[in-house]
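Take a look at the structure set out below.
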Amino acid sequence: MDRSFWINRWEENRLGWHQVDAHHLLVKFIDAAPLPQGSRVFVPLCGKTRDIGWLLSKGYRVVAAELSEIAIRQLFDDLGFTPEVKDLGTLKHFKAPDLDVFVGDVFDINPEQLGPVDLTHDRAAMVALPDDMRARYVAHLANITDQARQFVISFDYDQSLIAGPPFSVPEGQIKAMYGGRYTKTLLFTHDIPGGLKGVAPAQEQAWLLERR
Ligand SMILES: C[S@@+](CC[C@H](N)C(=O)[O-])C[C@H]1O[C@@H](n2cnc3c(N)ncnc32)[C@H](O)[C@@H]1O
């Protein structure tokens with residue numbers, strides 16, 4: 001899954017993952033580990049998710065990262081914000097009140113650029129990355145967020161039935177990837193009605209990961 005895969009998806013407007021409302025598990029579990037108003041939530045690999053507008057409406061500040069500038073221009077249009085844009089070399093910084101978005105490869109963001117993070121909200125981000133990138137991504141996020149707590153949504157299904165993304169990341173893999181740095185709590189698990197993409201019986205799971 002290289003950069004061109006995602007850039008093409010945005011250019012061709014093939015956005016099967018995009019949801020018209022904030023994610024039901026974010027809405028249900030935002031208070032699982034309550035955060036004070038004004039806390040800063042990191043949304044990696046954000047696309048144009050409506051979760052960002054929802055988090056802002058709840059009084060949180062948001063910092064996000066996304067490869068595609070098309071996505072982020074659509075995100076700001078959708079929010080009704082005109083961004084201030086700064087060129088940082090490999091990244092662009094789109095800014096509006098309470099919102100910072102870095103456009104470029106998430107692996108190019110350093111902790112100073114990202115700034116403080118109180119919670120990482122990972123929906124369709126870790127599971128969007130193939131096996132060989134995932135451990136690197138988990139380590140990078142732990143580094144740039146100073147191991148801030150994470151809310152992670154994952155899927156568990158038979159990978160031989162369909163190709164990802166989203167990839168299957170069952171509990172054993174969650175434990176192997178995050179276990180050294182975070183404790184994990186399974187907040188919720190359910191069978192996806194009709195299966196993933198209507199093909200593979202699958203469970204969707206929500207995890208709260210907290211610094212060890
Ligand atoms: C499956 S989509 C999910 C988007 C969003 N989280 C949501 O729930 O709607 C994955 C997104 O990650 C972005 N992406 C993929 N690799 C990336 C990388 N290395 N750095 C930043 N963004 C990336 C893609 O462009 C795409 O918008």
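Note that the structure is a prediction, hence the values are computed from the model and not measured.
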Can you tell me how far the CD atom of Gln205 sits from the CG atom of Leu187, to the nearest 0.5 Å?
11.0 Å
How far apart are the closest heavy atoms of Ala202 and Tyr157, and which atoms are they?
CB-CB, 3.6 Å
Distance, nearest 0.5 Å, that separates CG of Leu141 from CD of Gln150:
5.5 Å
Where do Met126 and Phe167 land on the side-chain contact (heavy atoms from CB on, under 4.5 Å) test, with the steps shown first?
CA-CA 9 Å; Met126 181 271 289; Phe167 295 99; over 6 Å; no
Show the nearest heavy-atom pair for residues Arg211 and Asp146, with the distance to one decimal.
NH2-O, 2.6 Å
So, His190 versus Glu204: side-chain donor-acceptor pair below 3.5 Å or not?
yes
Is Ile153 close to Val127 at the side-chain level, that is, under 4.5 Å between some pair of heavy atoms?
no
One pair to check against side-chain contact (heavy atoms from CB on, under 4.5 Å): Cys46 and Ile52. What are the steps and the verdict?
CA-CA 8 Å; Cys46 65; Ile52 291 178; 3.9 Å; yes
Val43 side chain reached by Thr49 side chain, heavy atoms, under 4.5 Å
yes
So Arg50 and Asp78, salt bridge (charged side-chain N to carboxylate O under 4.0 Å, His left out) or not? Walk me through it.
CA-CA 9 Å; Arg50 293 260 158 88; Asp78 192 30; 2.7 Å; yes
Lys184: partners by side chain to side chain donor-acceptor pair (under 3.5 Å), with sequence neighbours left out:
Glu171
Using a strict cut-off of less than 4.0 Å between a Lys/Arg side-chain nitrogen and an Asp/Glu carboxylate oxygen, indicate whether Lys95 and Asp100 qualify as a salt bridge.
yes
Pro116 to Arg40 - nearest heavy-atom pair and separation
O-NH1, 2.8 Å
Applying ring pair (Phe, Tyr, Trp, His ring centres under 6.0 Å) to Phe42 and not counting sequence neighbours gives none
Evaluate the side-chain proximity of Leu119 to Ile30: yes if any heavy-atom separation is below 4.5 Å, no if none is.
yes
Contacts of Phe102 meeting ring pair (Phe, Tyr, Trp, His ring centres under 6.0 Å) (sequence neighbours excluded), chain-then-number -> His93
Side-chain contact test, heavy atoms from C-beta onward, threshold under 4.5 Å: evaluate it for Val117 versus Val63 and give yes or no.
yes
Single-linkage hydrophobic cluster Phe29~Leu56, side-chain heavy atoms < 4.5 angstrom
yes
Should Phe76 and Thr82 be marked as a side-chain contact (heavy atoms from CB on, under 4.5 Å) after you check the CA-CA gap, both sets of side-chain angles, and the distance that decides it?
CA-CA 7 Å; Phe76 276 79; Thr82 303; over 6 Å; no
Linking I/L/V/M/F/W/Y whenever any side-chain heavy atoms sit under 4.5 Å apart, do Phe5 and Ile7 land together?
yes
Within this structure, what is the CD1-CD1 distance for the pair Ile70 and Ile72, rounded to the nearest 0.5 Å?
11.0 Å
Would you indicate whether Glu84, at its atom CD, is surrounded by more than 12 heavy atoms from other residues, nucleotides or ligands within a distance under 6.0 Å?
no
Please report the C-alpha distance between Leu15 and Lys48 in whole Å, then the side-chain angles of each, then the deciding distance to 0.1 Å, and finally whether the side-chain contact (heavy atoms from CB on, under 4.5 Å) criterion is met.
CA-CA 10 Å; Leu15 312 175; Lys48 57 173 179 178; 3.8 Å; yes
Taking the side chain as every heavy atom from C-beta outward, state whether His24 and Val27 have any pair of such atoms under 4.5 Å apart.
no
Nearest heavy-atom neighbours spanning Gln113 and Asp108
OE1-O, 3.7 Å
Between Pro166 and Lys197 the two heavy atoms that sit nearest each other are CD-CE, 3.9 Å
With the 4.5 Å side-chain cut-off for hydrophobic clustering, are Leu99 and Leu67 part of the same group?
no
A side-chain contact here means heavy atoms from C-beta on lying under 4.5 Å apart; do Leu26 and Phe151 qualify?
yes
For Phe107, check ring pair (Phe, Tyr, Trp, His ring centres under 6.0 Å) against everything at least two apart and list the hits.
His140
Between the CZ atom in Arg9 and the OG atom in Ser68, the distance rounded to the nearest 0.5 Å is 12.0 Å
Of all pairs that satisfy ring pair (Phe, Tyr, Trp, His ring centres under 6.0 Å), the ones with a partner from residues 191-212, not counting sequence neighbours:
none
Quick one: does Leu75's side chain get under 4.5 Å of Val101's, heavy atoms only?
yes
Please examine the side chains of Val169 and Ile174, heavy atoms only from C-beta on, and report whether any two atoms are closer than 4.5 Å.
yes
Cluster question for you: counting only ILVMFWY and a side-chain heavy-atom cut-off of under 4.5 Å, with indirect links fine, are Val138 and Leu114 together?
yes
Out of curiosity, Asn8 CG to Asp2 CG, how far, rounded to the nearest 0.5 Å?
8.5 Å
Pairing residues for Phe81 by the ring pair (Phe, Tyr, Trp, His ring centres under 6.0 Å) criterion, not counting sequence neighbours:
none
Cut-off 3.5 Å, side chains only: do Tyr60 and Gln37 have a donor facing an acceptor?
no
Measure across Ala71 and Glu66 and return the closest heavy-atom pair with its distance rounded to 0.1 Å.
CB-CG, 3.8 Å
Do Arg212 and Gln147 pair up side chain to side chain, a donor and an acceptor below 3.5 Å, judged on atom types alone?
no
Distance only, no hydrogens: is a donor on one side chain within 3.5 Å (strictly under) of an acceptor on the other, for Thr120 and Asp122?
no
Please walk me through it: do Asp105 and Arg3 pass salt bridge (charged side-chain N to carboxylate O under 4.0 Å, His left out)?
CA-CA 8 Å; Asp105 192 331; Arg3 296 165 56 118; 3.6 Å; yes
Do Tyr182 and Leu129 sit in the same hydrophobic cluster, where Ile, Leu, Val, Met, Phe, Trp and Tyr count as joined when their side-chain heavy atoms come under 4.5 Å apart?
yes
Relative to each other, are the rings of Trp17 and Trp6 parallel, tilted or perpendicular (30° and 60° limits)?
perpendicular
Enter the distance from Leu25:CG to Arg123:CZ here, rounded to the nearest 0.5 Å.
9.5 Å
